[in-house]
Amino acid sequence: MARAVCPGSFDPITRGHLDVIGRAARQFDEVLVAVGRNAGKRGLFDIDERVAMVAEACADWPTVRVEAFDGLLAEFCAARDASCVVKGVRSAADYDYELPMARMNARLTGVETLFLPAAPEWSFVSSSLVREVAALGGDVTPYLTPAVAAALADRLADRHGDRDTPGGG
Ligand code: PNS
């Protein structure tokens with residue numbers, strides 16, 4: 001059984017991520033979406049929320065599973081018997097960022113990395129840009145599933161409420 005891992009922070013998952021996961025699912029028997037805990041980054045959504053959003057967004061794909069992970073991605077892949085990491089690449093900058101990690105992961109455990117070119121319609125979409133545009137009142141619904149767009153709107157409204165509350169930071 002050929003199993004691939006699609007790793008990411010997915011804070012939140014976008015249609016660009018889903019395009020890559022769906023394409024990976026057509027090439028592998030099973031795809032494991034690995035949601036990183038990202039100790040360094042202060043996320044908008046916590047790990048359980050991100051896993052739930054990814055699971056809901058991928059629910060129609062029977063061969064796609066979702067799991068949280070921390071520690072080394074290469075070790076996670078080895079422990080799950082996944083021979084391959086699949087990552088979407090939007091630009092040369094993405095490739096430059098991903099290449100050393102792909103090589104390091106290969107050295108660590110032998111796991112391969114396959115890069116999928118992002119579909120043109122999603123090639124400018126990132127979770128960070130979606131968060132920023134949404135926080136400033138822009139429409140990000142084209143880039144998210146309806147459930148994720150609703151969760152993002154709710155979270156930003158909560159944060160706004162906190163800010164407007166005396167002592168809310
Ligand atoms: O695309 P993203 O969202 O920035 O990806 C984040 C993630 C979790 C996939 C990445 O930070 C990662 O691979 N973390 C695992 C830690 C690790 O293995 N570091 C060494 C890389 S060679």
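Each ligand, and each atom within it, is numbered from 1 in the order the structure gives.
E49 approaches L44 most closely through the heavy-atom pair OE1-O, 4.5 Å.
Just one residue in the list T145, V130, L144, V148 forms a side chain to side chain contact (heavy atoms under 4.5 Å, CB included) with R15, and that residue is T145.
Residue contacts with ligand 1 include F69, since one of its heavy atoms falls under 4.0 Å from the ligand. Under a 4.0 Å heavy-atom criterion, R37 is not in contact with ligand 1. Put simply, part of G71 is less than 4.0 Å from ligand 1, judged by heavy atoms.
Below 3.5 Å of separation, one finds no N or O of M104 facing any N or O of ligand 1. An N or O contact shorter than 3.5 Å links K87 to ligand 1 by distance. Between S9 and ligand 1, an N or O atom pair is found at a separation short of 3.5 Å.
H17 places none of its side-chain heavy atoms less than 4.5 Å from the side chain of V20. Residues V86 and F28 have side chains in contact (heavy-atom distance under 4.5 Å, counting atoms from C-beta outward). Residues F45 and R155 meet the side-chain proximity criterion, which asks for heavy atoms closer than 4.5 Å.
With distances taken over non-hydrogen atoms, the option nearest atom 20 (C) of ligand 1 out of T113, D70, L72 is L72.
Near N105, meaning under 4.0 Å from any of its heavy atoms, are these atoms of ligand 1: 22 (S). Residue P7 has at least one heavy-atom neighbour below 4.0 Å for each of these atoms of ligand 1: 9 (C). Close approach of ligand 1 to G8 is summarised as follows: ligand atoms under 4.0 Å from at least one heavy atom of the residue are 3 (O), 5 (O), 9 (C).
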Discussion item. One pair to check against side chain to side chain contact (heavy atoms under 4.5 Å, CB included): L32 and F76. What are the steps and the verdict?
Written reply: CA-CA 11 Å; L32 185 50; F76 177 83; 3.9 Å; yes
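With hydrophobic clusters built from ILVMFWY side chains whose heavy atoms lie under 4.5 angstrom apart, V125 does not share a cluster with F115.
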